[in-house]
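Whatever order the structure lists ligands and atoms in, that order sets their numbers, starting from 1.
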Amino acid sequence: MENNKRPEGMARIDSVVLAEKFIAEQIASVKEQVGDKKVLLALSGGVDSSVVAALLIRAIGKNLVCVHVNHGLLRKGEPEQVVEVFRNQMNANLIYVDAADRFLDRLAGVSEPEQKRKIIGAEFIRVFEEEARKQEGIEFLAQGTIYPDILESGPVKAHHNVGGLPEDLKFGLVEPLKFLYKDEVRVVGKTLGLPDGMVYRQPFPGPGLGVRCLGAITRDRLEAVRESDAILREEFEGAGLAGKVWQYFTIVPDVKSVGVRNGVRADEWPVVIRAVNTKDAMTATVEEIPYELLKKITARITSEVKGVNRVLYDVTPKPTGTIEWE
Ligand code: XMP
């Protein structure tokens, strides 16, 4: 437990100068730890794993093997961004695994939320392990553990984790961010040259859009979640809300209601908008989206997203509503 405590007197990394110092120290320490051995990293494209990747690319270059598993539940444009930033711009050794069909096949017909989470988590480990076994000479596993993960470890974290350590692959652990708080990780990421869209992005659950396509996931309804989410994000960015609202996304319940399109009655899904502010995700308040913006988002979603005829706005704080719908 002793080496899991933030060193006493460690300065808060709140400037580029301090971030540069931290990066230089970590590069030296990773080099010393791993030498010329290879390190494997599950790179989701989230803030923590992206910052670890950028840091280790600086330290050991192609000896870092990044694996990006596309489980088919990512937001629009996310897998493409990971490939663009890490393979094309940072010249990383990146393995891109399109596992969408595998995940969606396993999830077919499963409606219970915790069961969905378990399937996604277990399949993630399976895919990651398969890729790990194809690699030769890997001796270390890098992880984007940050200090709150250590402080909050226990049932809550376990519930939220997708993936995890493949237990029978005996790797040494490389965790360069383990004493950093989230805001410090962002400063380090920015200093390493990661794009703002990656460094300042809103929290995104491990099971991704899977818990926003309520009940049993179908490909057409999942597309409705992905497309409506992309429209919401685009409109929030245009309205200057993107960096301001803590978390915002859409949900598509497994229910249809009648509407009218081109003069014909048609049963289609509703899209629910959720936009909340919070400090610690334990309680949350609802963002008061300007009505004009809501009207614009509604018009776009109902005309651009296939199979959707209504848009609802969830104005429920947490409690009584949770942030996600399942
Ligand atoms: P709730 O819905 O419990 O969400 O109010 C609180 C925060 O946790 C995120 N969340 C998850 N994150 N795996 C994750 O990594 C999960 O299964 C999961 N479920 C909820 C949620 O997006 C919000 O930020």
Exercise for review: For E112 and Q115, indicate whether the former's side chain and the latter's backbone hold a donor-acceptor pair under 3.5 Å.
Suggested key: yes
Review point. Between N70 (side chain) and G72 (backbone), is there a donor-acceptor pair under 3.5 Å?
Key: yes
Review point. Quick check, are the ring centers of Y248 and F236 under 6.0 angstrom apart?
Key: yes
With nothing but distance in play, are any N or O atoms of [X] less than 3.5 Å from an N or O of ligand 1?
X	answer
P205	no
G206	yes
K318	yes

Check your understanding: What's the spacing between I231 CD1 and R226 CZ if we round to 0.5 Å?
Key -> 13.5 Å
Point to revise | Note: R75-E227 ion pair, threshold 4.0 Å (strictly below) | key: no
Review point. With a 4.0 Å heavy-atom cut-off (strictly under), which part of W246 contacts ligand 1: side chain, backbone, both or neither?
Key: side chain
Study note, to complete from the structure: ligand 1 atoms nearer than 4.0 angstrom to some heavy atom of P207 are 13 (N), 16 (C), 17 (O)
